[in-house]
There are 2 protein chains.
Amino acid sequence: MGFVIASVGHAAAVAFEEALTPHGLHPRHFAVLKGLRGGEAQSQQQLAAALGIPASRLVGLLDLLVERGLVERQDSPTDRRVKLVRLVEAGRTALDELIAVAGQSERRVTAGLTAEDKAELRRLLGVVHANVAAEAGGTRTRVW
Amino acid sequence: MGFVIASVGHAAAVAFEEALTPHGLHPRHFAVLKGLRGGEAQSQQQLAAALGIPASRLVGLLDLLVERGLVERQDSPTDRRVKLVRLVEAGRTALDELIAVAGQSERRVTAGLTAEDKAELRRLLGVVHANVAAEAGGTRTRVW
DNA sequence: TATTGTTATACTCTATAACTATA
DNA sequence: TATAGTTATAGAGTATAACAATA
């Protein structure tokens with residue numbers, strides 16, 4: 001059972017990754033964009049901490065998003081070491097599109113399931129999630 | 001939902017991996033041992049193909065299992081290029097233990113679920129699995 | 001020539017450790 | 001001294017290509 005969940009989960013992740021490929025992005029970038037969704041500019045340190053990744057790893061992800069014109073880095077007016085990062089208008093549009101892509105991928109993944117099925121699946125996975133979370137203790141369980 | 005499945009699946013995989021750690025093995029080795037469960041000696045090529053991994057990758061996995069005295073390589077009597085691989089008695093014992101470990105991990109993961117819950121979860125995951133399998137086309141979806 | 005097991009090479013991904021510029 | 005962003009370094013993991021022995 002654990003293997004089945006892991007296998008299906010992996011396949012679902014791959015499916016989403018492939019759905020993002022035409023957009024030239026990876027789920028990681030999607031996660032970064034979602035982290036900026038609020039709209040308030042934040043430092044890279046803050047964002048990295050919120051995403052649970054090293055700041056050094058965020059650099060490259062932001063580089064691509066900036067290059068694509070989805071995100072902008074601006075110097076902090078109060079601390080010249082800090083760069084404030086935020087979504088630009090095109091980034092907000094792109095994020096909306098990517099959310100739609102995620103929704104489509106979601107519908108393909110859950111095709112053939114009734115609303116009750118989905119609710120039940122969510123409930124059952126919730127139980128399993130609680131079990132494995134308790135098991136893992138403080139272990140990081142980021143997927144991307 | 002796809003994210004939830006992926007996340008839970010990843011956590012379940014990590015949990016199993018950790019359950020195997022005290023035994024000094026990785027899920028990959030468990031998979032290799034299971035591939036040899038039948039008892040018939042097979043060539044490394046056959047085994048690698050059955051596991052869906054490159055033969056070059058199997059070498060290191062077998063090296064460790066041989067070093068542990070769980071598996072033996074013997075020269076083929078009919079083809080001197082071939083090495084026939086099979087479980088040794090200690091390997092069979094170890095495999096039984098590891099299967100028990102997997103069962104314990106399984107029970108922890110599914111704690112709090114009734115038999116009906118488990119059956120339902122299996123059914124729902126089966127549907128999702130069929131969906132993502134169809135999606136993936138020929139894409140490999142090995143987990144380990 | 002082709003195939004078996006093996007080793008070497010190259011590539012990806014990642015975390016940690018430097019590094020610079022500020023504070 | 002300490003912190004921000006960045007870059008460099010090093011390690012794990014893996015697939016592919018090369019290799020020697022044999023068919």
Side-chain angles (χ1 to χ4, degrees), chain A residues 6 10 13-14 17-18 20-21 24-32 35-36 40-67 71-86 138-144, chain B residues 6 10 13-14 17-18 20-21 24-32 35-36 40-67 71-86 138-144:
Chain A
H10 183 255
V14 169
E17 192 176 326
E18 288 174 352
L20 243 42
T21 299
L25 294 177
H26 190 274
R28 309 178 233 282
H29 300 112
F30 179 66
V32 173
L36 292 171
E40 334 77 31
Q42 20 183 339
S43 74
Q44 297 186 191
Q45 292 287 337
Q46 291 175 316
L47 182 54
L51 295 171
I53 61 173
S56 62
R57 196 177 167 192
L58 181 58
V59 175
L61 299 174
L62 285 175
D63 284 348
L64 178 62
L65 295 174
V66 168
E67 180 189 319
V71 167
E72 79 175 358
R73 282 192 254 232
Q74 41 187 188
D75 296 335
S76 162
T78 60
D79 187 334
R80 292 175 52 191
R81 295 172 302 180
V82 172
K83 293 189 183 167
L84 296 173
V85 184
R86 68 170 170 187
T139 308
R140 274 244 159 266
T141 32
R142 216 174 330 98
V143 180
W144 56 280
Chain B
H10 183 254
V14 169
E17 192 176 326
E18 287 175 353
L20 243 41
T21 300
L25 294 178
H26 190 274
R28 313 177 229 282
H29 301 111
F30 180 65
V32 172
L36 292 170
E40 334 77 32
Q42 21 183 339
S43 74
Q44 298 187 189
Q45 291 288 337
Q46 290 175 316
L47 182 54
L51 295 172
I53 61 174
S56 61
R57 196 177 165 192
L58 181 58
V59 175
L61 298 173
L62 285 175
D63 284 347
L64 177 63
L65 295 173
V66 169
E67 180 189 320
V71 166
E72 79 175 358
R73 282 191 253 232
Q74 41 187 188
D75 296 336
S76 163
T78 60
D79 186 334
R80 292 175 53 190
R81 295 172 303 179
V82 171
K83 293 188 182 166
L84 296 172
V85 184
R86 68 170 170 187
T139 308
R140 272 245 160 265
T141 31
R142 216 176 329 98
V143 180
W144 56 282

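All values reported here derive from a predicted model rather than from experimental measurement. Lettering follows sequence order; numbering is per chain, from 1.
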Report task. Using a cut-off of strictly less than 4.0 Å, decide whether B:Gln44 has a side-chain nitrogen or oxygen near OP1 or OP2 of C:dT6. Result -> yes
Query raised in the report: Which whole-number value in Å describes the distance from B:Leu58 CG to C:dG5 C1'?
Result: 10 Å
Query - Within-4.5 Å side-chain heavy-atom neighbours: A:Pro27 and A:Leu20 - result: yes
**Report entry** Results of side-chain hydrogen bond (donor to acceptor under 3.5 Å, both in side chains) for A:Thr21 - residues two or more places apart only
**Finding:** none
Query raised in the report: Within this structure, what is the CZ-to-P distance between B:Arg57 and C:dC11, rounded to whole angstrom?
Result: 19 Å
Requested in this report: Check the distance between D:dT14's C1' and B:Leu51's CG and give it to me in whole angstrom.
Outcome: 16 Å
Report summary line: Of the listed C:dT7, C:dT4, D:dA4, the closest approach to the A:Gln45 side chain comes from D:dA4
Query raised in the report: Taking the side chain of B:Arg28 as its heavy atoms from C-beta onward, which of C:dT6, D:dG13, C:dC13 lies nearest to it?
Result: D:dG13
**Report entry** Angle of first-five versus last-five pair axes in the helix from C:dT1-D:dA23 to C:dA23-D:dT1, to 10 degrees
**Finding:** 30°
Query raised in the report: Looking only at heavy atoms, which two atoms of A:Ala55 and A:Ala48 are closest? And how far apart?
Result: CA-CB, 3.7 Å
Requested in this report: Indicate for each nucleotide in nucleotides 17-23 of chain C, in 5' to 3' sequence, whether protein heavy atoms under 4.0 Å reach the base (B), only the sugar-phosphate (S), or nothing (-).
Outcome: ----BBS
Query raised in the report: Can you name the residues that form a salt bridge (Lys or Arg N to Asp or Glu O under 4.0 Å) with B:Asp79, not counting sequence neighbours?
Result: B:Arg81
**Report entry** Closest nucleotide among D:dA4, C:dT6, C:dT16 to the A:Pro54 side chain
**Finding:** C:dT16
Report task. Mind checking side-chain contact (heavy atoms from CB on, under 4.5 Å) for A:Ala31 and listing every partner two or more places apart, or none if nothing turns up? Result -> A:Trp144
Query raised in the report: For the side chain of B:Gln46 and the backbone of B:Ala41, is there at least one donor-acceptor N/O pair under 3.5 Å apart?
Result: no
Query - Which residues share a salt bridge (Lys or Arg N to Asp or Glu O under 4.0 Å) with A:Arg73, sequence neighbours left out - result: A:Asp63
**Report entry** B:Gln74 side chain reached by B:Lys83 side chain, heavy atoms, under 4.5 Å
**Finding:** no
Requested in this report: Please list, chain by chain and in numerical order, all residues satisfying side-chain hydrogen bond (donor to acceptor under 3.5 Å, both in side chains) with B:Ser76, sequence neighbours excluded.
Outcome: B:Thr78
Query raised in the report: Atom CG of A:Leu61 and atom P of D:dT6: how far apart are they, to the nearest Å?
Result: 12 Å
Query raised in the report: How many Å lie between CD on A:Gln42 and C1' on D:dA4, as a whole number?
Result: 15 Å
Query - Partners passing salt bridge (Lys or Arg N to Asp or Glu O under 4.0 Å) against B:Arg86 (at least two apart in sequence or in another chain) - result: B:Glu72
Report task. Starting at atom CG of A:Asp75, determine the distance to atom C1' of D:dA4, rounded to an integer number of angstrom. Result -> 12 Å
**Report entry** Nearest-angstrom distance from the residue atom CD of A:Gln46 to C1' of D:dT3
**Finding:** 13 Å
Query raised in the report: Which part of the nucleic acid, if any, lies within contact of B:Ser43, taking any heavy atom under 4.0 Å across all strands shown: a base, the sugar-phosphate backbone alone, or nothing?
Result: sugar-phosphate
Requested in this report: Check whether any side-chain N or O of A:Arg73 sits under 4.0 Å from OP1 or OP2 of D:dT6, and answer yes or no.
Outcome: yes
Report task. Take atom NE2 of A:His26 and atom C1' of C:dC13, then tell me their distance rounded to the nearest Å. Result -> 10 Å
Query - Closest to the B:Val82 side chain, choosing from D:dG5, C:dT4, C:dT14 - result: C:dT4
